[in-house]
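Order of appearance sets the numbers: ligands from 1, and atoms from 1 within every ligand. Keep in mind that this is a model prediction, so the values were computed, not measured.
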Amino acid sequence: MGNREIIDWKGDIVRKPIIAGNWKMNKTLAEAEEFVQAVKNNIPANDVVDAVVGAPNIFTQKLVEWTEGTDLKVAAQNSYFEDEGAFTGETSPKALADLGTDYVIIGHSERRDIFGETDEEVNKKAHAVFNHKMLPIICVGESLDQREAGETNEWVSGQVKAALEGLTAEQVKELVLAYEPIWAIGTGKTATSEQANDTIKVIRETVQELYDEETAEAVRIQYGGSVKPDNIAELLDQSDIDGALVGGASLEADSFLKLLEAADNND
Ligand SMILES: O=C(CO)COP(=O)(O)O
């Protein structure tokens with residue numbers, strides 16, 4: 001049994017939930033330290049849930065130091081796809097790996113919309129992250145206009161195909177996909193748990209089409225968009241939702257711990 005699986009109460013092997021905080025561009029170094037000190041010894045063991053904090057990249061080195069020997073994993077919020085060179089202001093995946101970074105969030109809708117990241121770049125970044133033995137958390141999701149026009153499934157499935165291009169089945173089993181409908185991010189509007197689950201099923205079917213059933217059953221797919229301690233349990237109860245990528249509710253230690261607790265209690 002790999003690191004991404006657990007045995008449930010019925011004795012079946014199931015996907016282990018993964019809860020990742022995405023702090024976005026928030027917190028000072030002192031605030032980041034206060035958070036880590038408050039949570040690092042209070043998180044459930046990583047054989048029941050994977051707990052990840054995605055801090056701004058300037059704090060990554062400190063986060064790795066502070067969390068050493070604990071079950072809290074560290075994610076960067078972005079990486080470039082080249083290892084080094086004349087790319088002013090970018091972050092090297094080689095340097096992130098050297099610091100001890102575990103995961104890299106790739107293709108967040110804010111990166112795509114505000115910074116113009118393309119599907120092709122997201123794919124190159126996914127390869128770069130794997131080349132340095134880290135794991136990507138690859139985000140996909142539709143806008144409100146696309147949802148209302150009935151284009152969600154086709155759009156999200158296209159993003160998944162483009163992001164995974166050239167990755168092996170073994171790599172896809174290890175990475176994490178995050179379905180984040182853009183209209184639910186930071187708006188307080190959560191997709192209903194059924195809506196989220198339906199789109200996540202489409203993502204899983206896309207993985208099956210591209211690879212095989214075993215890969216589709218293994219890959220963990222998170223939901224993101226206004227996840228809070230009071231709605232996470234319902235989301236995690238759904239058949240295909242394997243965790244959450246959380247913005248606002250991951251900023252406070254108490255709230256982050258409640259999200260982990262909900263995942264710990266879910267089976
Ligand atoms: O974008 C998100 C996580 O990556 C979701 O943000 P919120 O949880 O603040 O809606």
Any heavy atom of S109 closer to ligand 1 than 4.0 angstrom?
no

W155, CH2 atom: more than 12 neighbouring heavy atoms under 6.0 Å:
no

Taking atom CD as the centre, does E252 end up with more than 12 heavy-atom neighbours from other residues, nucleotides or ligands that are less than 6.0 angstrom away?
no

With a 3.5 Å distance limit and no angle check, can you tell me whether S255 reaches the backbone of A249 through a side-chain donor-acceptor pair?
yes

So is G186 polar-close to ligand 1, meaning N/O to N/O under 3.5 Å?
yes

So which heavy atom in the protein is nearest atom 8 (O) of ligand 1, and how far is it from that ligand atom?
G247 N, 2.9 Å

Answer yes or no: does atom CD of E151 have more than 12 heavy-atom neighbours from other residues, nucleotides or ligands under 6.0 Å?
yes

Between K228, E110, E180, which one has a non-hydrogen atom sitting closest to atom 4 (O) of ligand 1?
E180

Would you mind checking which non-hydrogen protein atom is closest to atom 9 (O) of ligand 1, with the distance to 0.1 Å?
G248 N, 2.8 Å

With a 4.0 Å cut-off on heavy atoms, is G224 touching ligand 1?
no

Heavy atom under 4.0 Å from ligand 1: found in A184's side chain, backbone, both, or neither?
backbone

Per-atom contacts, ligand 1 versus G225 - under 4.0 Å to a heavy atom:
5 (C), 10 (O)

Passing option when D242 is tested against R220, R4, Q222, R15 for side chain to side chain donor-acceptor pair (under 3.5 Å)
R15

Mark yes when over 12 heavy atoms from residues, nucleotides or ligands other than Q146 sit less than 6.0 Å from its CD; otherwise mark no.
yes

Less than 4.0 Å is my threshold; does some heavy atom of S226 fall inside it relative to ligand 1?
yes

Where does N22 meet ligand 1, judged by heavy-atom distances below 4.0 Å: at the side chain, the backbone, both, or neither?
side chain

Near-ring test F35/W23, centroid separation under 6.0 angstrom:
yes

Can you report which non-hydrogen protein atom sits closest to atom 6 (O) of ligand 1, along with the distance?
K24 NZ, 3.3 Å

Are there more than 12 heavy atoms of other residues, nucleotides or ligands under 6.0 Å from atom NZ of K94?
no

Using a plain distance cutoff, I'd like to know if V246 has any nitrogen or oxygen under 3.5 Å from a nitrogen or oxygen of ligand 1.
no

